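If you're wondering where the values come from, they're calculated on a predicted model, not measured in any experiment.
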Amino acid sequence: LPAQANLLTKKKLADCRHRRTHGQQQTTRGTNQKKKMAVCEAYGYKVDRLLGRGAFGSVCRATKDNKTVAIKHIAKRFRSWTECLQQREISSLKKCQDRGGHANLIRVMEVIHAKADGSVFIVMEYVDGGNLYDAMKKGDYFSREKAASVARDVLRGLSHMHRRGF
């Protein structure tokens with residue numbers, strides 16, 4: 001019994017250490033995110049919350065002149081503005097918006113390149129409601145009509161991209 005009690009105590013201590021360390025990582029990550037987004041605030045954007053994080057960066061919601069936008073921070077660093085514009089995502093978005101863009105594609109308002117550290121921020125229109133993947137993961141199912149409508153909108157946007165060479 002004492003050996004089992006000792007094992008339980010060690011496990012509880014390890015759990016506490018993990019929680020404490022994990023909490024510090026979360027705080028550090030949040031602080032780093034705020035530092036990164038300070039660049040956007042210098043351009044007049046007030047960042048109010050993190051929307052998501054992925055392998056290539058993070059997305060925050062922000063406002064400027066009473067207009068809500070989404071700002072994507074790209075994790076990769078760029079040495080110059082030219083290198084930044086040649087980045088596939090930015091050049092693709094720019095190409096798709098030539099001659100007015102398309103109703104089924106997110107519009108880019110601005111691209112910010114922070115010369116100090118090479119960070120890039122893509123300021124885009126904000127669309128409330130999350131993404132299709134998250135809705136499906138939660139188990140939100142669409143009626144046939146809604147599914148057909150979503151598929152039609154996706155295909156229209158994709159068709160626009162194909163006409164632009166993608």
Nearest heavy-atom pair of [X] and [Y]: which atoms, and what distance?
X	Y	answer
Tyr45	Ile112	CE1-CD1, 4.2 Å
Phe121	His73	CE2-CD2, 3.2 Å
Ile71	Ala62	CD1-CB, 3.7 Å

Does the side chain of Lys64 come within less than 4.5 Å of Val69's, by heavy atoms?
no
I'd like to check Arg49 versus Leu51 (side-chain heavy atoms, cut-off strictly below 4.5 Å). Are they in contact?
yes
Within the distance-only criterion (no hydrogens, no angle test), does the side chain of Thr63 pair as donor or acceptor with the backbone N or O of Asn66 below 3.5 angstrom?
no
Would you list the pairs meeting salt bridge (charged side-chain N to carboxylate O under 4.0 Å, His left out) in which at least one residue belongs to residues 118-133, sequence neighbours left out?
Arg107-Glu125
Steps toward side-chain contact (heavy atoms from CB on, under 4.5 Å) verdict (Val108, Glu110)
CA-CA 6 Å; Val108 174; Glu110 183 175 12; 5.9 Å; no
Check whether Leu105 and Leu155 end up in the same hydrophobic cluster, where Ile, Leu, Val, Met, Phe, Trp and Tyr are linked by side-chain heavy atoms less than 4.5 Å apart.
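Unlinked, Leu105 and Leu155 end up in two clusters.
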Side-chain heavy atoms nearer than 4.5 Å, only ILVMFWY residues, links allowed to pass through others: does that put Met109 and Tyr43 together?
yes
To the nearest 0.5 Å, what is the distance between [atom1] on [X] and [atom2] on [Y]?
X	Y	atom1	atom2	value
Met124	Ile122	CE	CD1	6.0 Å
Arg53	Cys60	CZ	SG	8.0 Å
Lys72	Ile106	NZ	CD1	11.5 Å
Asp48	Arg61	CG	CZ	4.0 Å

Compile the donor-acceptor pairs under 3.5 Å between side chains in residues 157-166 and protein atoms, sequence neighbours left out, one pair per line.
| from | atom 1 | to | atom 2 | distance (Å) |
| --- | --- | --- | --- | --- |
| Ser159 | OG | Arg163 | NH1 | 2.8 |
| His160 | NE2 | Cys96 | O | 2.8 |
| His162 | ND1 | Phe166 | O | 2.5 |

